[in-house]
Amino acid sequence: MTAGEIALMILVGIWVFVPALLPNSAAVVFGGGTPVDFGKSWKGKRILGDGKTWRGFFGGALSGIVLGLIMMGAAQLAGSPDLWGFGSFGQGVGIVICLAVGSLVGDMLGSFIKRRLGIERGMKAPVLDQYDFVIGAFLIVTIFYPNWVFSTYIEGYHWVSLIVLLALIWFLHRGVNIIGYRLGLKKEPW
Ligand code: CTP
Ligand code: MG
């Protein structure tokens, strides 16, 4: 592979994951109201906590899906082959839905684990806070589009794009949360 091909491969790996990156931030903006666990507890601790709401879930998921559609629309307009990494349009729609919904499912799974460990809503949980949504997105998209995940993030040298993506997410997560905190959208800078 040439340096250009490697750069392009890394860029595509980041690009197609964008629909999984937006929902968490969008959930902060849209969130509020009825919690997903309806305020219920399990063994004396909240199932998910007040930080996971239905409005956040649907607002966040829809934001990621709409952004994904816009991204594919841009690829379509540019007349680009293979819709810039999503493959066909039909598959792209499916992938975008899996990534957006999966990221928020992962986020809830993270909160579920935090509550079981006795970590209160909003309290720090290193690694879990940064990667719960990534794990959720990859889990769901791998269930429905295993071949696409393999060819985009594993096959040949494609694992390099996965490593770069995971490293980028670490810094992106820190940066976005600090911005959200400064803007007064988030209660904590993580
Ligand atoms: N949010 C929401 N619904 C979701 C996800 C997030 O309403 N499904 C909103 C909540 O207002 C939440 C904020 O986004 O407080 C930040 O999300 P996050 O950091 O994931 O939640 P925390 O409040 O930190 O709670 P937890 O400890 O459970 O992660
Ligand atoms: Mg948090």
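Whatever order the structure lists them in is the order used to number ligands and atoms, beginning at 1.
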Name the closest protein heavy atom to [atom], giving the residue it belongs to and the distance to 0.1 Å.
atom	result
atom 11 (O) of ligand 1	R121 NH2, 3.9 Å
atom 20 (O) of ligand 1	K52 NZ, 2.6 Å
atom 19 (O) of ligand 1	K186 NZ, 3.2 Å
atom 1 (N) of ligand 1	G51 O, 3.1 Å
atom 24 (O) of ligand 1	G122 CA, 3.4 Å
atom 29 (O) of ligand 1	K114 NZ, 3.2 Å
atom 13 (C) of ligand 1	V28 CG2, 3.9 Å

Query raised in the report: Between D37 and R46, is there a side-chain N and carboxylate O pair less than 4.0 Å apart?
Result: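 Yes, D37 and R46 are salt-bridged.
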
Query - Min side-chain heavy-atom separation I70-V66 under 4.5 Å - result: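 They are in contact (side-chain heavy atoms under 4.5 Å apart), so the answer is yes.
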
Query - Cation-pi geometry met for R116 and F112 (6.0 Å, 45°) - result: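 Yes, a cation-pi geometry holds between R116 and F112.
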
Report task. Look at atom 7 (O) of ligand 1 and find which of T53, V36, D129, D107 reaches it with the closest heavy atom. Result ->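 Comparing heavy atoms across T53, V36, D129, D107, the nearest one to atom 7 (O) of ligand 1 lies in T53.
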
Requested in this report: Using ring pair (Phe, Tyr, Trp, His ring centres under 6.0 Å) as the criterion, list what pairs up with F30, not counting sequence neighbours.
Outcome: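 F30 satisfies ring pair (Phe, Tyr, Trp, His ring centres under 6.0 Å) with no residue once adjacent residues are dropped.
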
Report task. Show which residues join L128 in its hydrophobic cluster (side-chain heavy-atom contacts under 4.5 Å, direct or indirect), or state none. Result ->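 ILVMFWY cluster around L128 also holds I113, L117, I119, M123.
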
Requested in this report: Kindly assign one of parallel, tilted or perpendicular to the pair Y153 and F17, based on the angle between their ring planes and the thresholds 30° and 60°.
Outcome: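 Ring orientation of Y153 relative to F17: perpendicular.
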
Requested in this report: Inspect the surroundings of CD in Q76 and state if more than 12 heavy atoms from other residues, nucleotides or ligands are less than 6.0 Å away.
Outcome: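 Counting other residues, nucleotides and ligands, CD of Q76 stays at 12 neighbours or fewer.
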
Report task. Would you please determine whether G180 falls within less than 4.0 Å of ligand 1 on a heavy-atom basis? Result ->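 Contact absent.
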
